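These values consider heavy atoms only, across backbone and side chains, with no hydrogens, waters or symmetry-generated copies. By convention in this document, chain letters (A, B, ...) are assigned in the order of the sequence lines, proteins followed by strands, and residues within each chain are numbered from 1. Computed from a predicted model, the values in this text were never measured in an experiment.
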Protein chains: 2
Amino acid sequence: SMGTLVAPMGVTVDSFVGVLNITNVNELKIDKKEVERIFTIPVSYFAKFKPSEYFVRLEVHTQKRSEDGKTIDMFPVKKLKLPNRYTKPWKGREHKILVYETNEETVWGITAELVYEFCKLINQ
Amino acid sequence: SMGTLVAPMGVTVDSFVGVLNITNVNELKIDKKEVERIFTIPVSYFAKFKPSEYFVRLEVHTQKRSEDGKTIDMFPVKKLKLPNRYTKPWKGREHKILVYETNEETVWGITAELVYEFCKLINQ
């Protein structure tokens, strides 16, 4: 187990490292509903290259649009007597996103985060 | 310790329950920079009344506006060869927000979540 990763949007991911006793990834039976494609990148690649760092920003919205275009108040700030500033979208902090631009595929987000943490663990 | 709460926006809160040996909350020396006002509500209130449930929705934005109104690409989706859908704000799931409308004060969000979890613990 590599523990629990807390991603933005309040998602947590519990990750586990596995060893596959296979000679070719084509031996794997994948669920096409869950997995589009499998590819491999040597661990040495991630040990050698550091990921690039980018940022995204989070906003919390209290309203949404219904299918017929009407504004729906999901969280009635005024009725609940909360400060007026909560009527506008709440701006969260900027969140770092790691990106490995490999020849094979762009590895980013939660995947890159897990790879990065794994490399730190095996280097300890 | 009540464990770790994962709030939206990727924030985690480790909470602890304390017992104060005081007769009046005015005995507390509070840091005005951190705490605006202290008030008390009996635990029996929260045992009796269930919180209301509302929702907010999270959006992840890859751009921001600079002070002179220019659009800054914080996460260059096209340059990183990621699918086009990531150029628009990413819509997250709706996130539940608990609200206790007490006579004293509206208790909501992370505070309400911690109160709710505490009431569950003492009822076990």
- [ ] Not counting sequence neighbours, which residues clear side chain to side chain donor-acceptor pair (under 3.5 Å) with E104(A)? List them please.
- [x] none
Open item on the list: How about CG on N103(A), more than 12 heavy atoms from neighbouring residues, nucleotides or ligands closer than 6.0 Å, or not?
Closed with: no
- [ ] Decide whether L98(B) and Y45(B) are clustered together by the hydrophobic rule: side chain heavy atoms of Ile, Leu, Val, Met, Phe, Trp, Tyr closer than 4.5 Å, transitively.
- [x] yes
TODO: Report yes or no: do I97(B) and V107(B) belong to one cluster of Ile/Leu/Val/Met/Phe/Trp/Tyr joined by side chain heavy-atom distances under 4.5 Å?
DONE: no
Per-pair distances, 0.1 Å, donor-acceptor, side chain in residues 78-86 of chain A, under 3.5 Å, sequence neighbours excluded:
| unit_1 | atom_1 | unit_2 | atom_2 | d |
| --- | --- | --- | --- | --- |
| K79(A) | NZ | Y54(B) | OH | 3.2 |

TODO: Hey, could you give me the CZ/CD distance between F75(B) and E94(A), rounded to the nearest 0.5 Å?
DONE: 13.5 Å
Open item on the list: Quick check on the structure: residues of residues 18-29 of chain A within a heavy-atom distance below 4.5 Å of chain B, by number.
Closed with: none
Task: Heavy-atom proximity to chain B below 4.5 Å, by part of V60(A) - done: both
Open item on the list: Grouping I, L, V, M, F, W and Y whenever their side-chain heavy atoms are under 4.5 Å apart, do Y100(A) and I41(A) come out in a common cluster?
Closed with: yes
Task: For chain B, the option from Q63(A), R57(A), E101(A) that forms the most heavy-atom pairs under 4.5 Å - done: R57(A)
Open item on the list: Please tell me whether L58(B) and M74(A) are part of a single hydrophobic cluster in this structure, the criterion being side-chain heavy atoms less than 4.5 Å apart.
Closed with: no
TODO: Examine F39(A) and F46(A) and state if one hydrophobic cluster contains both, with Ile, Leu, Val, Met, Phe, Trp and Tyr joined whenever side-chain heavy atoms are less than 4.5 Å apart.
DONE: yes
Open item on the list: Does any backbone or side-chain atom of E59(A) lie under 4.5 Å from a heavy atom of chain B? Answer side chain, backbone, both or neither.
Closed with: both
- [ ] Output the residues of residues 109-124 of chain A for which the shortest heavy-atom distance to chain B is under 4.5 Å, in residue-number order; output 'none' if no such residue exists.
- [x] none
